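In what follows, a structure is listed as structure tokens, so that the remarks can point back to it.
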Amino acid sequence: MPELPEVESLAAFLRENAIGRAIARVDVVAISCLKTYDPPITALSGLSITDVTRYGKFLDLDVDGLHLIVHLSRAGWLRWKDKLPAAPPRPGKGPLAMRVHLDDESGFDLTEAGTQKRLAVYVVRDPQDVPGIRTLGPDPLREEFDAEALASILDGRRTQIKGVLRDQSVIAGIGNAYSDEVLHVAKMSPYKLAASLTEEEIATLYEAIVTTLGDAVERSKGLAAKDLKGEKKSGLRVHGRAGEKCPVCGDTIREVSFADRALQYCPTCQTGGKPLADRRMSRLLK
């Protein structure tokens with residue numbers, strides 16, 4: 001799933017390659033991805049892209065005052081092409097959901113792998129008209145997000161810190177992958193209760209959040225959209241690396257599986273050497 005660093009990098013890529021270009025037309029291949037109808041998506045034709053920003057995991061293209069907003073969800077991606085085919089794509093069972101043509105024949109495809117089809121596209125007059133944006137928590141890369149703000153967020157939350165980090169209404173932009181990475185850097189169990197963190201632990205977690213996300217954004221700078229996925233995977237230390245050696249201590253990275261996702265962690269670095277039990281079966285082994 002694209003998270004804050006990848007979406008930030010896509011926004012930077014589009015700022016460099018799309019701003020100043022007019023939208024020639026938009027081909028909607030999978031109607032299910034389009035979540036709004038007023039304004040119609042055809043209203044974008046002939047208008048110019050004036051800015052590209054990010055709200056959490058949402059990508060926002062300002063098109064002369066209208067906003068083309070994309071949430072790539074779990075399996076979506078943006079694929080840039082310097083020259084798009086002129087003929088409209090045929091609807092089918094492939095991954096293509098939408099194609100945006102620009103006036104110089106370049107543009108991008110929005111694709112989505114798998115069968116769940118959660119990619120979402122909105123055309124709105126105000127980004128706050130998108131429900132997912134309206135309810136976002138603070139952005140962890142903004143100046144106003146500091147250790148004090150994090151302490152306020154965690155105060156009284158008797159839920160696991162892994163879930164708190166992934167909750168977009170609490171902190172915007174962190175998903176399953178980077179929450180694993182942040183907790184590994186902070187040397188913290190994903191099952192630790194948020195309200196139980198000491199002042200020192202909160203400061204450590206805050207530093208882990210901003211450095212992990214900031215470093216990921218920095219590594220992605222200047223990369224083409226097609227290279228961002230590979231960079232993300234190569235930069236992850238524990239997420240998706242169950243069975244491999246921890247790059248810090250050499251212990252074997254473990255995994256806890258859930259119905260639709262999994263978390264990875266290092267027992268030595270994060271849980272005092274004790275393995276975590278599947279939460280569906282039992283609590284943390286003691």
Side-chain angles (χ1 to χ4, degrees), residues 1-19 51-61 69-84 95-98 100 106-114 118-120 139-142 145 162 165-166 168 171-186 190 207-248 253 255 261-266 269:
M1 176 186 289
E3 299 178 30
L4 185 156
E6 295 80 53
V7 179
E8 180 69 29
S9 298
L10 285 173
F13 179 85
L14 289 175
R15 280 193 290 270
E16 182 177 346
N17 291 276
I19 285 181
D51 196 10
V52 184
T53 55
R54 176 189 59 79
Y55 298 93
K57 301 179 192 176
F58 289 85
L59 188 63
D60 175 15
L61 284 76
I69 294 179
V70 178
H71 191 285
L72 295 167
S73 192
R74 192 166 199 166
W77 195 244
L78 184 150
R79 302 178 185 278
W80 177 267
K81 295 185 179 181
D82 291 328
K83 186 175 178 62
L84 286 171
L96 181 61
M98 182 176 291
V100 179
S106 68
F108 57 87
D109 288 342
L110 296 176
T111 63
E112 185 173 21
R118 295 177 179 176
L119 185 145
D139 191 293
L141 293 187
R142 300 288 186 264
F145 184 83
K162 166 78 174 180
L165 292 177
R166 293 181 66 244
Q168 299 304 293
I171 301 173
I174 302 175
N176 198 37
Y178 285 106
S179 57
D180 283 351
E181 296 298 296
V182 165
L183 291 171
H184 181 253
V185 171
E207 186 66 21
I209 290 171
V210 295
T211 56
T212 300
L213 297 178
D215 288 350
V217 170
E218 191 65 29
R219 290 195 308 269
S220 299
K221 277 187 177 179
L223 292 182
K226 66 182 178 64
D227 298 323
L228 291 174
K229 279 187 177 182
E231 195 291 319
K232 176 183 180 179
K233 185 175 182 180
S234 67
L236 296 175
R237 308 198 311 175
V238 293
H239 184 79
R241 299 192 180 279
E244 299 180 22
K245 288 186 177 181
C246 171
V248 174
I253 296 169
E255 177 176 286
R261 60 183 174 84
L263 66 83
Q264 289 83 39
Y265 69 100
C266 171
C269 290

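Quick caveat, the model's predicted, so the values are computed rather than measured.
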**Asked** Would Glu6 and Tyr178 count as a side-chain hydrogen bond (donor to acceptor under 3.5 Å, both in side chains) if you check the C-alpha gap in whole Å, the side-chain angles of each, and the deciding distance to 0.1 Å?
**Response** CA-CA 11 Å; Glu6 295 80 53; Tyr178 285 106; 2.7 Å; yes
**Item:** For Arg237, all residues meeting side chain to side chain donor-acceptor pair (under 3.5 Å), sequence neighbours excluded
**Value:** His184
**Set of side chain to side chain donor-acceptor pair (under 3.5 Å) partners for Arg74, sequence neighbours left out** =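 Partners of Arg74 by the side chain to side chain donor-acceptor pair (under 3.5 Å) criterion come out as none, since no residue qualifies.
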**Request:** Enter the distance from Glu207:CD to Thr212:OG1 here, rounded to the nearest 0.5 Å.
**Result:**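 So the CD of Glu207 and the OG1 of Thr212 are separated by 9.0 Å.
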**Fill in**
Output for pair (Leu10 CG, Leu59 CG), nearest 0.5 Å, gives 6.0 Å
**Steps toward salt bridge (charged side-chain N to carboxylate O under 4.0 Å, His left out) verdict (Arg54, Asp139)** = CA-CA 10 Å; Arg54 176 189 59 79; Asp139 191 293; 2.7 Å; yes
**Asked** Stepwise, does the side-chain hydrogen bond (donor to acceptor under 3.5 Å, both in side chains) test hold for Thr111 with Arg79?
**Response** CA-CA 7 Å; Thr111 63; Arg79 302 178 185 278; 3.0 Å; yes
**Prompt:** Can you check whether Val217 reaches Leu4 side chain to side chain, under 4.5 Å on heavy atoms?
**Reply:**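 When only atoms from C-beta onward are counted, Leu4 and Val217 do touch, with a gap below 4.5 Å.
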Keeping [X] on the side-chain end and [Y] on the backbone end, is there a donor-acceptor pair under 3.5 Å?
| X | Y | result |
| --- | --- | --- |
| Arg241 | Leu236 | yes |
| Glu244 | Ile253 | no |
| Glu112 | Arg118 | yes |

**Asked** Is it true that Lys162 and Asp180 have a side-chain N and a carboxylate O under 4.0 angstrom from each other?
**Response** yes
**Message:** Assess whether a salt bridge exists between Asp109 and Lys81, defined as any Lys/Arg side-chain N lying under 4.0 Å from an Asp/Glu carboxylate O.
**Reply:**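 Yes, charged N to carboxylate O under 4.0 Å.
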**Prompt:** Which word best sums up how the rings of His71 and Phe58 line up, parallel for under 30°, tilted for 30 to 60°, or perpendicular for over 60°?
**Reply:**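 Correct class here is perpendicular.
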**Request:** Please step through side-chain hydrogen bond (donor to acceptor under 3.5 Å, both in side chains) for the pair Gln264 and His239, ending with a clear verdict.
**Result:** CA-CA 5 Å; Gln264 289 83 39; His239 184 79; 3.1 Å; yes
